[in-house]
Amino acid sequence: VSMRRMRRELVLLQADGDAPTFVEAVGRQTEQVRSLRGEVDDLSALLARTRTELADAIRHVSVVRYDAFGDMGGRLSFSAAMLDDGGDGLVLTAIHGRSETRSYIKGVKAGQSDASLSPEEQQAITFALRGAAS
C-alpha cells in the first residue's frame with residue numbers, strides 16, 4: 001500500500017512526454033517571480049526619482065487680471081504666479097497704461113517674496129498655492 005501511494009506521488013512529479021516536471025515548472029515560476037520583483041524594484045526607484053523631479057517643476061499657475069488705473073478699462077494689466085510644489089517660483093506683473101506697459105518679475109520662496117507685493121500679486125500667489133494644495 002505504501003509503495004502504491006509513493007508511485008502515485010512520483011507520477012505527479014514526473015513529466016509526461018515533452019512536458020516539464022513539476023520541480024522544473026516550480027523552479028521556472030520561482031525565477032519569473034524573482035525577475036518580476038527586480039523589475040518592480042526598478043520601477044519603484046524610477047517613480048521616486050520622477051516624483052522628486054516633478055516637485056521642482058513649475059506646476060501651479062494663476063493669473064489675476066485687473067485695471068491698474070481707474071480711467072483705463074478692459075482689465076489689461078495682470079499678475080501671473082508660477083510656482084512649484086514648495087511654493088517657489090516667480091510672479092510676473094504687467095501694468096498696462098495709456099502710453100506704455102511696464103513688466104516686473106519678483107522671486108517667490110515658500111509663497112513669500114523679499115520684494116513688496118501688490119494685492120494682485122499676492123492674490124495670484126494665493127490662488128496658485130491653493131491649486132497646489134488640492
Side-chain angles (χ1 to χ4, degrees):
V1 174
S2 174
M3 286 294 283
R4 214 176 299 141
R5 206 176 295 145
M6 283 188 348
R7 281 190 184 133
R8 246 184 293 149
E9 291 172 1
L10 181 61
V11 167
L12 289 175
L13 295 177
Q14 289 179 333
D16 287 342
D18 292 335
T21 66
F22 177 76
V23 174
E24 291 171 342
V26 168
R28 194 170 340 115
Q29 290 293 60
T30 302
E31 187 57 39
Q32 287 177 348
V33 168
R34 217 176 268 133
S35 174
L36 288 172
R37 283 185 180 159
E39 289 179 29
V40 167
D41 290 343
D42 293 345
L43 287 173
S44 293
L46 177 62
L47 179 61
R49 279 195 314 271
T50 302
R51 283 184 174 155
T52 301
E53 292 171 5
L54 191 58
D56 293 336
I58 300 289
R59 302 188 323 144
H60 309 286
V61 177
S62 174
V63 177
V64 175
R65 293 181 55 195
Y66 56 95
D67 292 324
F69 305 105
D71 61 342
M72 297 275 305
R75 296 178 13 182
L76 298 175
S77 299
F78 69 89
S79 292
M82 295 170 260
L83 308 173
D84 65 8
D85 287 347
D88 299 340
L90 59 93
V91 63
L92 169 68
T93 298
I95 299 178
H96 180 73
R98 286 196 186 277
S99 61
E100 64 184 5
T101 298
R102 293 183 180 240
S103 301
Y104 305 92
I105 293 180
K106 298 175 184 175
V108 178
K109 189 79 170 162
Q112 303 295 319
S113 178
D114 290 341
S116 62
L117 297 172
S118 71
E120 294 83 7
E121 291 170 329
Q122 188 60 55
Q123 185 179 26
I125 291 171
T126 301
F127 287 165
L129 289 174
R130 188 178 306 150
S134 57

**Student:** Mind checking who shares a hydrophobic cluster with Leu36, ILVMFWY linked at side-chain heavy-atom distances under 4.5 Å?
**Tutor:**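 Members alongside Leu36: none; it stands by itself.
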
**Student:** How does the hydrophobic cluster around Ile105 look, that is, which other residues are in it when side-chain heavy atoms under 4.5 Å mark a link?
**Tutor:** Ile58, Val61, Val63, Phe78, Met82, Leu90, Leu92

**Student:** Using only heavy-atom distances, determine whether the side chains of Ser77 and His96 contain a donor-acceptor pair under 3.5 Å.
**Tutor:** no

**Student:** With sequence neighbours left out, write down each residue that passes side-chain hydrogen bond (donor to acceptor under 3.5 Å, both in side chains) with Thr126, or none if nothing qualifies.
**Tutor:**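 None.
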
**Student:** Going by side-chain hydrogen bond (donor to acceptor under 3.5 Å, both in side chains), name the residues that satisfy it together with Tyr66, two or more places apart in sequence or in a different chain.
**Tutor:** Ser79

**Student:** Please report the interatomic distance CG(Leu83) to OG(Ser62), rounded to the nearest 0.5 Å.
**Tutor:**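 If I round to the nearest 0.5 Å, the distance is 9.0 Å.
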
**Student:** As an exercise, state the distance from CD of Glu120 to CG of Asp67, rounded to the nearest 0.5 Å.
**Tutor:** 10.0 Å

**Student:** Scan residues 27-37 for pairs that pass salt bridge (charged side-chain N to carboxylate O under 4.0 Å, His left out), counting only residues two or more places apart or in two chains.
**Tutor:**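 As it turns out, the salt bridge (charged side-chain N to carboxylate O under 4.0 Å, His left out) pairs with a partner in residues 27-37, which skip direct neighbours, are Glu31-Arg34.
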
**Student:** Give me the atom names and distance for the closest heavy-atom approach of Ile95 to Ala68.
**Tutor:**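 Smallest heavy-atom distance, with atoms named: CG2-CB, 3.4 Å.
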
**Student:** Could you work out the complete set of other residues in the hydrophobic cluster of Leu47, with links drawn between I, L, V, M, F, W and Y side chains under 4.5 Å apart?
**Tutor:**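 When side chains under 4.5 Å apart are linked, Leu47 ends up in no cluster with other residues.
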
**Student:** Would you name the heavy atoms of Ala94 and Thr101 that are closest together and state the gap between them?
**Tutor:** CB-CG2, 4.4 Å

**Student:** Can you tell if the side chain of Leu117 reaches within under 4.5 Å of the side chain of Val91, non-hydrogen atoms only?
**Tutor:**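 Of all side-chain heavy-atom pairs linking Val91 with Leu117, at least one is under 4.5 Å.
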
**Student:** According to the salt bridge (charged side-chain N to carboxylate O under 4.0 Å, His left out) rule, which pairs have a member within residues 99-114, sequence neighbours left out?
**Tutor:**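 Listed by first then second residue: Asp88-Lys109, Glu100-Arg102, Lys106-Glu121.
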
**Student:** Please list, chain by chain and in numerical order, all residues satisfying side-chain contact (heavy atoms from CB on, under 4.5 Å) with Gln112, sequence neighbours excluded.
**Tutor:** none

**Student:** Determine which pairs satisfy salt bridge (charged side-chain N to carboxylate O under 4.0 Å, His left out) with at least one residue from residues 38-66, sequence neighbours left out, and list them in order.
**Tutor:**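 Output for this query lists Arg59-Asp85.
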
